[in-house]
Each structure stands twice: as C-alpha cells, then as structure tokens.
Amino acid sequence: MVKKERLVKNITAKSEDFSRWYTEVIRKAELADYAPIKGMMVIRPYGYAVWENIQKLMDKRIKETGHENAYFPMFIPESLLEKEAEHLEGFSPEVAWVTHGGNDELEERLAVRPTSEAIIGSMYSKWIKSYRDLPVLINQWANIVRWEKVTRPFLRTTEFLWQEGHTAHATAEEGQAETLKILDLYREFAETELAIPVISGEKTEKEKFAGAEMTYCIEALMTDGKALQMGTSHDLGQHFSKVFNIRFEDQDQQLQYAWQTSWGVSTRLVGAVVMAHGDDSGLRFPPRIAPLQVVIVPITIGEDWKETVLPVAQNTARILSEAGVRVKLDDREGFTPGWKFSEWEMRGVPLRLEIGPRDVKNHKTLAVRRDTREKQPLSLDNLAPQVQSLLDKIQQNLFDQALQFREDNTHEVEDYEEFKSVIEERRGFIKTFWCGGSECENRIKEETMATIRVVLMEADRTEASGSCICCGEQGRKQVYFARAY
RNA sequence: CGGGGAGUAGCGCAGCCUGGUAGCGCGCCUGCUUUGGGAGCAGGAGAUCGUCGGUUCAAAUCCGGCCUCCCCGACCA
C-alpha cells in the first residue's frame with residue numbers, strides 16, 4: 001500500500017501549481033467566490049471573518065495611536081480629483097466614473113473613489129484654520145474601486161476593502177514621524193497578528209504613490225518566491241495641502257500649508273495569509289486571525305456516542321468558548337471523522353481536538369496541530385490554558401517557518417548575470433545595491449521582471465555602500481529586488 | 001489592453017470535428033450497514049449546455065457579437 005502523503009486530495013497541490021492551488025483553496029475553503037462582474041468577488045462568511053479579525057486588531061492599534069474613525073463619500077467630483085496633477089495621472093487609468101443619476105446625465109462626472117486623498121483634502125481645508133486644529137488624525141474603513149486589468153481574488157480585485165488613514169500636521173517633521181510610526185505599526189501588526197515577517201523601507205520614485213513626497217511600505221515573501229506589498233505609508237508633504245488650500249495660521253501668525261500623510265492596508269492581507277502560510281493540504285491560519293481557532297471532532301463510534309461522546313464534546317466546546325477561544329463543534333452526522341479531519345485541515349483551522357470513547361474513558365482529548373500535524377493527548381481538566389498555550393505555539397511556529405523561508409530565499413549575488421539566473425530559477429529576494437538611477441531600475445525590470453521592493457532606510461542597512469548590481473557604480477542605496485504580485 | 005486556453009448538474013469532466021431523445025465520476029437525497037485519516041451497497045433527485053442573435057425542419061454541436069474565468073505579457077494595492 002502506498003503511503004498517503006497528501007491527506008487532502010480535493011485541491012491541487014501547492015507544490016504542483018501555485019496559481020491553481022491559490023484560487024482553488026480560496027473557493028473550496030469558502031473564503032470567496034467570483035461575482036458575475038469582472039474582477040469582483042464575494043467575500044464569503046469564512047473569509048469575511050478573517051477580515052473582521054484583521055479589522056478588529058488593526059482598528060485597536062489605530063485608535064491606540066490617537067486616531068479616530070470617520071467616513072467620507074465614495075464619490076469624488078472630477079474637479080477635485082484633477083487638482084493634484086500627479087495624483088490624477090497615476091489613478092485616471094483605473095477610475096470608474098459615474099455619469100448618470102437615474103436617467104439624467106450629470107453636469108460633472110463623479111469618480112468612484114480609487115483612494116480618498118482628494119475628497120478628504122477638500123474637507124480638511126474647511127476644518128483646519130489654526131495650529132490649534134492640528135494634528136488631524138483620521139482613519140476611515142471603506143471600499144475602494146480601481147479598474148484593474150488583471151485581477152486575482154484578494155490580491156487585486158476591482159473593488160476592495162481597506163482602511164485609509166489621513167492625517168494633517170503643523171510641521172514636516174511631525175508628518176514624517178507619523179508616516180514612520182504607521183509604517184512600524186504595520187510591520188508589528190503583520191508580524192504579531194498575521195505571523196508574516198516583513199521588510200520595510202522606502203519605495204523608489206517609480207514605485208511611489210501618485211502624489212506622495214515619499215512612500216514607505218512593508219513587503220513579504222510568499223511561498224512561491226514572489227513578493228507582496230502588504231501595506232503602504234505615504235508622506236504627502238504639502239502636495240495636497242497646496243492644491244486643496246489646507247492652510248493654518250501658526251503661533252507666529254504666519255499662514256502655513258499643512259503637512260499630510262496617508263496610509264492603508266487592505267483585504268489583500270487575507271491573500272497574503274493564504275500565500276504565506278498555506279501548504280499542499282490547504283490553508284494554515286495563524287490562530288490570532290483564524291475564523292475558527294479550534295474544531296472539535298467527535299469520534300462517532302458505537303451505538304451510544306450521542307449519549308457518551310457528544311455531551312463531553314459539547315461541554316468541551318462550551319468551556320473553550322467561555323474562555324474566549326473561537327471554537328466549533330463539528331457534530332454533523334453523515335460525515336466520517338476522517339472526512340472532517342481533512343476538511344478542517346484544508347480550511348486551515350489551527351488546532352483540532354478529537355474526542356472519542358477512549359478519550360471520554362481517560363478524561364482526555366487528542367489535540368492535533370495543523371501546522372505540524374503533531375498529535376498529543378490533553379487532559380480535559382484545565383483544558384483552556386493548555387489550548388491557549390498550543391495556539392500561541394502555533395502562532396509562533398508559523399512566524400518562525402515564514403521567517404526561515406524568507407531567510408533561505410533571500411540571496412546575495414556577485415554580479416548581474418547571477419542576479420538574472422537567481423531571479424529566473426530560484427525567485428525570492430535579492431539583497432543588493434543600486435546606483436539610484438532609473439535607467440538601471442528600468443533595465444532590470446525589463447530583463448528580469450524584478451522590481452525594487454524596498455530601499456532600506458539608513459538604520460536598516462547592513463552595509464553603508466556597494467556597487468550597483470546593474471551598472472557597477474558606487475551606490476548608497478541598499479535594496480531588495482523581487483518579482484512581485 | 002495584446003497573445004493563448006476555457007465556460008455542459010454543487011465540483012471535476014466527456015459529448016462538439018461529422019447537427020437528430022444531454023452523459024460519466026464525485027457530491028446531494030432516502031434506506032440499511034459503517035465511523036480513531038476523505039466508508040460500502042441499493043434506490044432517487046438535480047441541466048432553460050455562460051449570454052444574446054444568426055443559419056437550419058432541427059443547434060450543447062455550425063456562424064457572429066457580448067460576458068466571465070485561467071495562463072503568459074504590458075499596467076497596478
């Protein structure tokens with residue numbers, strides 16, 4: 001008999017075909033389904049629960065750093081969107097326009113927001129008059145529409161959900177500090193809650209946000225060796241305040257333009273979790289954001305399992321639930337335990353508890369970790385702390401595995417030829433130096449499809465300078481290259 | 001947006017070339033036997049063949065438009 005390596009067999013193995021694995025697991029695990037409009041998806045309850053967990057944990061951090069939530073209109077008059085030239089140029093190819101209200105053509109077209117700097121800037125100009133009005137620290141949870149050519153569930157959809165912070169400050173230094181504070185908040189969030197290690201740094205001129213002075217971002221490596229941008233924080237300088245006339249009078253009675261920032265993370269993070277942690281058997285959710293942290297599978301053997309096993313399973317579910325664990329008792333009849341094991345593994349539940357006649361007799365439950373498939377009996381006495389401790393270990397292990405993967409797939413290369421072959425054959429990050437010239441950046445992108453994901457900030461550099469991987473000139477920009485989503 | 005592939009039951013597919021009563025596997029429903037890693041047998045339900053139009057006595061099948069998905073590029077969170 002052939003040993004079954006793959007315990008889940010209704011999805012394509014990730015190692016065989018990553019793209020197919022990704023879309024299949026998202027649909028079969030019921031995270032999302034395609035809507036009948038190009039590039040649009042329905043986020044199903046199991047997927048939406050992940051987003052809700054992300055929201056809850058992110059919202060807490062946003063508020064703890066002094067920001068408040070508000071809500072702005074989803075339509076932006078064309079005249080407002082046009083004000084910042086670079087902003088318009090960057091976004092106009094992907095803006096959806098409302099041209100009619102009912103049967104009447106509108107006097108002025110309305111953009112469905114591709115991002116809200118313009119509408120929020122126009123409001124800030126009304127609200128900000130004095131240095132005493134600053135800083136303004138507002139966040140909004142909203143939907144966004146960008147008419148993308150190529151779409152993929154969660155990673156790039158025509159409509160997506162996100163949070164966008166928009167702040168205004170009295171000085172350039174304050175604005176920059178805010179930008180970096182949020183960048184670090186995002187990094188900490190990705191690592192703590194999503195168990196995804198990220199590198200952070202600056203974007204190049206070519207990759208920065210349309211209208212920003214400087215864009216910072218966090219980037220992670222997915223298990224197929226491609227990079228994913230997971231969050232951005234923009235220092236807008238006075239670009240928008242000058243065109244939206246956001247002015248205040250300072251303590252010296254001088255009129256000044258405000259210094260602004262904007263920053264966001266989106267439902268893309270759900271896709272990041274799928275791609276960073278998933279394996280051949282399906283999803284592996286980090287416990288802190290898993291829709292279900294524990295699934296209890298009763299072993300339905302014997303005539304009297306409903307009288308013996310089931311009550312113990314129900315009681316166990318109740319105890320865990322009361323302890324704050326997101327737990328489900330899968331007491332469906334007509335599915336064998338083995339079927340349920342595979343199903344919940346595919347759907348990424350971090351921990352499974354099996355309770356059968358043997359366990360009831362021994363006052364134990366068999367715990368099976370999704371991340372390692374390791375099995376261990378736990379006493380039913382004082383179960384909640386044991387489960388919590390296992391969930392913590394799983395969270396940590398997923399992070400450690402992802403970090404190990406990134407380290408194994410971050411390459412340093414001798415020359416451009418090696419660069420090309422590494423990108424082509426091994427993927428992953430290449431950590432190297434760049435002269436700062438757009439010719440080299442463009443040439444590398446054309447020839448290898450790799451882009452500069454981040455330019456490391458001073459404090460993160462491991463060497464002060466080196467020669468550009470492309471032209472050989474001395475450069476002070478230490479960068480990470482990768483092919484990206 | 002360019003190049004390629006695809007859309008037939010909830011899922012995966014055959015049928016199309018050569019027009020003539022829509023099929024298979026899994027899943028679903030019922031019953032019995034099972035149940036500690038995706039159970040077995042028997043019976044049953046489920047499809048306006050992506051959509052709109054054309055050709056024809058007759059279209060899943062031939063022709064055209066459109067929509068959606070997948071892969072590879074150009075563009076982007």
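Below, read A as the first sequence line, B as the second, and so on, with proteins coming before strands; counting in each chain starts at 1.
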Legend entry - Near-ring test A/Trp259/A/His239, centroid separation under 6.0 angstrom: no
Legend entry - Distance-only side-chain donor-acceptor flag, A/Arg318 / A/Thr316, under 3.5 Å: no
Legend entry - Partners passing side chain to side chain contact (heavy atoms under 4.5 Å, CB included) against A/Lys60 (at least two apart in sequence or in another chain): A/Glu64
Legend entry - Residue met sooner reading RNA chain B from 5', once A/Lys445 and A/Gly338 are mapped to nucleotides: A/Gly338
Inset, instruction - Determine the Euclidean distance between corresponding C1' atoms of B/C63 and B/A45; express it in Å to zero decimal places. - result: 37 Å
Legend entry - Nearest to side-chain heavy atoms of A/Pro357, which nucleotide of B/A39, B/G12, B/G36: B/G36
Legend entry - Sugar-phosphate only, base, or nothing, as touched by A/Thr267 at under 4.0 Å among non-hydrogen atoms: nothing
Inset, instruction - Please measure how far the P atom in B/G31 lies from the corresponding atom in B/C71, and state the result in whole Å. - result: 43 Å
Inset, instruction - Assign each of A/Arg453 and A/Lys375 to its nearest nucleotide of RNA chain B by heavy atoms, then name whichever residue's nucleotide is nearer the 5' end. - result: A/Lys375
Inset, instruction - Considering only atom P, compute the distance from B/G7 to B/G15 and round it to an integer number of Å. - result: 10 Å
Inset, instruction - Go through the N and O atoms of the side chain of A/Arg373 and the base of B/G37, and report whether any donor-acceptor pair is under 3.5 Å. - result: no
Legend entry - Interatomic distance at C1', B/U56 relative to B/G40, whole Å: 50 Å
Inset, instruction - Assess A/Arg44 against A/Tyr46: is NZ or CZ under 6.0 Å from the centre of the six-membered ring, and within 45 degrees of the ring's axis? - result: no
Legend entry - P spacing across the pair B/C24 / B/C32, given as an integer number of angstrom: 27 Å
Legend entry - A/Thr336 side chain near B/A39 phosphate (N/O to OP1/OP2, under 4.0 Å): yes
Legend entry - Distance between P atoms of B/A14 and B/A9 (Å, rounded): 12 Å
Inset, instruction - Kindly give the heavy-atom pair with the smallest separation between A/Tyr48 and A/Ile43, and that separation in Å. - result: N-CG2, 3.3 Å
Legend entry - Touch class at under 4.0 angstrom, heavy-atom based, for A/Phe209 against every strand present: nothing
Legend entry - Heavy-atom protein contacts under 4.0 Å, nucleotides 67-73 of chain B, coded B base, S sugar-phosphate only, - none: -SSSS-B
